[in-house]
Amino acid sequence: MRRLLFSLMLSLGLALAASPLRLATTTSVHDSGLLDAILPGFTAETGIPVQVIAVGTGQALAIAGRGDADAVLVHAPALEAVFLQEGKGVLHACLAKNRFLIVGPPEDPAGVRWETNVLNALRKIYLKGALFVSRGDRSGTHKKELELWQAAGLDPQGKRWYLESGSGMGATLTLASEKDAYTLTDLGTFLFLREKVRLVALFDRDDPRMLNQYSYMVVNPERFPWVHFEGAKKLRAYLLRPEVQEKIGAYLKDRFGQSLFEPLFGRCVIPVP
Amino acid sequence: MNELVEITLRSLFVSGSATLLAALFGLPLGLWLGARARPQRLAASLLYAGMGLPPVVVGLFFYFLLSRSGPLGSLGLLYTVPGMILAESVLAFPLIAGFAMAGVAAKAEPVRRLVRSLGGSELQVHLTLLAESRRVVVAALAAGFGAVISEVGAVTLVGGDIRHATRVLTTAVVIETRKGELERAAALGAVLLGVTLLITAILVVFGEREAR
Amino acid sequence: MIAAEGLEKRFPGFTLRVPALKAAPGEILAVLGPSGSGKSTLLMLLSGLLSPDGGTITREGPAVYLDQHPYLLERSVLENAAFGLRLKGVPRARAREVALFWLSRVGLKALAPRPARGLSGGERVRLALARALATEPKTLLLDEPTANLDPANVARVEALIREEKARGRAIVLVTHNLFQAKRLADRALFLLGGEVVEEGPAPSFFDSPEDPRTRAFLSGEMVW
Ligand SMILES: Nc1ncnc2c1ncn2[C@@H]1O[C@H](COP(=O)(O)OP(=O)(O)OP(=O)(O)O)[C@@H](O)[C@H]1O
Ligand SMILES: [Mg+2]
């Protein structure tokens with residue numbers, strides 16, 4: 001009780017007290033619990049509390065682009081490049097990667113599991129007219145999905161079998177499971193929900209197109225003088241530290257038998273100009 | 001301390017403060033409008049339309065208002081509890097003022113007739129009307145509180161759903177749903193429902209007590 | 001005493017005109033007329049609740065209006081009965097004492113502590129009557145005080161009205177009950193569509209009405 005009163009007073013007094021660092025991030029990173037595992041170490045070391053605002057990649061970049069966050073953790077290289085070019089962000093760093101997969105009902109009506117090329121897999125779904133659930137929410141995953149359709153030379157918009165959920169990855173997986181539909185998912189969210197949904201990984205190969213790269217950017221203090229630049233820079237250095245990178249790689253590896261996030265040690269696998 | 005308790009208490013604090021803040025202005029306005037002899041059509045239309053304000057739109061409005069790049073940015077209220085209280089109070093205001101107005105307007109005429117016919121003054125008309133409006137006030141407060149504690153659009157945009165800082169029951173339900181933790185989401189929803197019911201029941205019992 | 005002259009009240013689509021009207025102390029004026037003829041409007045004008053568009057009203061001492069649909073406060077029966085006295089600044093204990101006396105006179109003493117909201121239609125009217133009488137007004141304006149009552153309570157209320165008359169009150173009584181009007185009234189007035197068709201002493205009004213419309217109304221063959 002006393003702690004709550006304290007925390008309420010703390011949040012009331014935020015305007016006056018030294019403001020914490022605000023990190024806008026994608027929901028998939030937040031919901032995996034990774035940040036709860038690594039951020040306390042940073043706070044203990046620097047005394048800087050970190051407040052995580054979990055939204056879609058599009059919204060994360062939008063609020064950071066108005067100076068309402070001090071740093072972002074997102075996964076949409078093309079949008080990140082724009083953010084940097086517009087002078088809203090600085091100090092881009094690639095933190096980790098994993099991959100996207102196509103999941104669907106075990107019966108696999110379109111025969112996706114035999115494909116070695118993801119574009120061919122999508123073409124099969126298209127030709128078969130098999131149900132496909134899209135995020136439809138301008139998230140990093142949605143962005144990736146649209147890129148893939150375009151690369152395959154297909155336009156599923158408006159097709160009867162193409163459903164847009166407009167919600168997060170977890171809800172979208174649940175919807176796909178209920179509808180016996182295919183969907184594109186990030187590895188992490190799928191591993192968390194694998195037991196709860198009637199979906200299996202059907203396209204899960206080392207295809208460069210299916211790379212999912214997570215990057216960190218600091219909001220430009222020249223553009224937004226009020227941001228917590230020092231803190232954001234410190235967090236960047238902390239996240240890139242080898243032992244922290246190892247910790248990211250080890251997160252839940254025992255439980256799932258594979259890394260949810262493979263560390264990149266700052267070396268991008270998808271170039272961000 | 002248990003995080004669920006923390007989130008629940010924060011929900012109560014935010015919604016309670018927002019309701020009180022809205023009532024501070026909404027109740028006098030509603031009572032005053034309702035007690036006017038002529039029907040206040042314009043005010044009524046505005047308030048009733050205000051009851052239908054989409055929370056997300058109010059949230060967006062407050063986001064732009066409180067954003068560091070916005071007009072009130074220097075206050076640093078975005079993603080804080082006080083910021084959430086402000087946005088929520090705007091949502092509660094038309095409900096509280098509107099319910100108070102409608103409730104009082106329904107009684108204004110008969111109460112005026114009674115007091116005046118017994119030789120009472122216009123001041124006594126208003127005092128009696130106020131005393132007779134306990135249920136109306138309770139209904140207005142319950143409506144305002146119920147609307148804001150169960151609302152998710154505005155608190156998400158203005159509060160940012162930051163753990164240990166601005167997370168409330170509704171935003172917690174959204175996260176658990178997003179994660180696919182549907183059972184946990186449902187449990188949180190049950191807590192939300194229980195809390196709302198409890199507070200409303202307390203208000204109603206309070207209002208039902210006969211005067212002296 | 002209550003009197004009015006050249007009274008006029010206009011509503012959209014309805015106008016009430018009363019050239020002259022009077023109830024002297026100790027006199028009962030019965031106001032008759034079909035639904036919508038302006039009876040309640042007339043009483044509200046006389047009480048001052050409505051202001052007339054023309055004409056003058058003379059009141060001697062306070063007049064109390066008993067509403068056709070009385071409003072009961074969200075309080076106990078006793079507090080409701082004491083309300084008029086409380087408005088006049090009578091101390092609570094004294095007001096309750098007087099209120100209790102009047103409650104017993106309308107047969108509601110046993111219900112004194114109950115919330116007024118739960119009362120039956122007939123009980124509500126009687127409570128409102130007790131509330132009005134407790135303030136000891138010089139003039140009583142009663143709008144259908146027995147409309148919802150059983151025969152025993154009708155008799156009880158009529159006895160009360162007679163008593164008030166004997167105490168020198170001027171009384172205007174709106175009623176749909178012709179027999180009641182005959183039993184109680186000293187004078188009678190017949191309203192039709194806002195116009196006074198006939199007004200006069202009760203015996204001649206009931207026994208030899210001048211206007212054929214009054215005759216038709218009294219015999220129950222009113223067409224309008
Ligand atoms: N405030 C008002 N505005 C407009 N019209 C009104 C108003 N009050 C009364 N009227 C109209 O005046 C007419 C007389 O109404 P009033 O209540 O005096 O009738 P009444 O004789 O008492 O009828 P009843 O026997 O049904 O009680 C009705 O046509 C009514 O609609
Ligand atoms: Mg009437």
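Here is how names work: the chains are called A, B, and so on, in the same order as the sequence lines, proteins then strands, and each is numbered from 1.
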J.: Can you list everything that forms a side chain to side chain contact (heavy atoms under 4.5 Å, CB included) with B:Ala43? Sequence neighbours excluded, please.
T.: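 By the side chain to side chain contact (heavy atoms under 4.5 Å, CB included) rule, B:Ala43 matches B:Leu33, B:Gln40.
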J.: With sequence neighbours excluded, what pairs up with B:Phe64 under the side chain to side chain contact (heavy atoms under 4.5 Å, CB included) test?
T.: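 Once residues adjacent in sequence are excluded, the partners of B:Phe64 under the side chain to side chain contact (heavy atoms under 4.5 Å, CB included) criterion are A:Arg66, B:Leu60.
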J.: So do the side chains of B:Thr128 and C:Phe83 get within less than 4.5 Å of each other, counting heavy atoms only?
T.: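 A side-chain contact under 4.5 Å exists here.
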J.: Got more than 12 heavy atoms from elsewhere within 6.0 Å of CD, C:Glu5?
T.: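 Counting neighbours around CD of C:Glu5, 12 or fewer heavy atoms of other residues, nucleotides or ligands fall under 6.0 Å, so no.
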J.: Are any of the side-chain heavy atoms of B:Gln124 and C:Lys88 separated by less than 4.5 Å?
T.: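 They are not in contact (no side-chain heavy atoms under 4.5 Å apart), so the answer is no.
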J.: Please determine, by modelled atom types, if B:Glu132 and C:Tyr71 share a side-chain donor-acceptor pair under 3.5 angstrom.
T.: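 There is such a pair (donor and acceptor under 3.5 Å, judged by atom type) between the side chains of B:Glu132 and C:Tyr71.
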J.: Are there more than 12 heavy atoms of other residues, nucleotides or ligands under 6.0 Å from atom CZ of C:Phe14?
T.: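 Counting neighbours around CZ of C:Phe14, more than 12 heavy atoms of other residues, nucleotides or ligands fall under 6.0 Å, so yes.
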J.: For C:Glu136, give me all partners under salt bridge (Lys or Arg N to Asp or Glu O under 4.0 Å), at least two apart in sequence or on another chain.
T.: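 C:Glu136 satisfies salt bridge (Lys or Arg N to Asp or Glu O under 4.0 Å) with C:Arg167, C:Arg169 only.
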J.: Would you mind checking which part of C:Thr135 comes under 4.5 Å of any heavy atom in chain B, side chain (CB onward), backbone (N, CA, C, O), both or neither?
T.: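 Answer is side chain: those atoms of C:Thr135 sit under 4.5 Å from chain B.
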J.: For residues C:Leu72 and B:Leu114, determine if any side-chain heavy atom of one lies less than 4.5 Å from a side-chain heavy atom of the other.
T.: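 With C-beta onward as the side chain, the pair stays apart.
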J.: Quick check: are there more than 12 heavy atoms from other residues, nucleotides or ligands sitting under 6.0 Å from OH of B:Tyr63?
T.: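 Yes, the 6.0 Å shell around OH holds more than 12 heavy atoms from other groups.
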J.: Output the residues of residues 48-63 of chain C for which the shortest heavy-atom distance to chain B is under 4.5 Å, in residue-number order; output 'none' if no such residue exists.
T.: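 Listed by number: C:Leu49, C:Ala63.
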J.: If you round to the nearest 0.5 Å, how far is CG of C:Leu43 from OG of B:Ser117?
T.: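 The CG atom of C:Leu43 is 11.5 Å from OG of B:Ser117, to the nearest 0.5 Å.
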J.: Please round to the nearest 0.5 Å and tell me the distance separating atom CD of C:Glu74 and atom CZ of B:Arg134.
T.: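 Interatomic distance, C:Glu74 CD to B:Arg134 CZ, rounded to 0.5 Å: 6.0 Å.
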J.: Counting only heavy atoms not in C:His69, do more than 12 fall under 6.0 Å of its NE2?
T.: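 Check fails, neighbour count at 12 or below.
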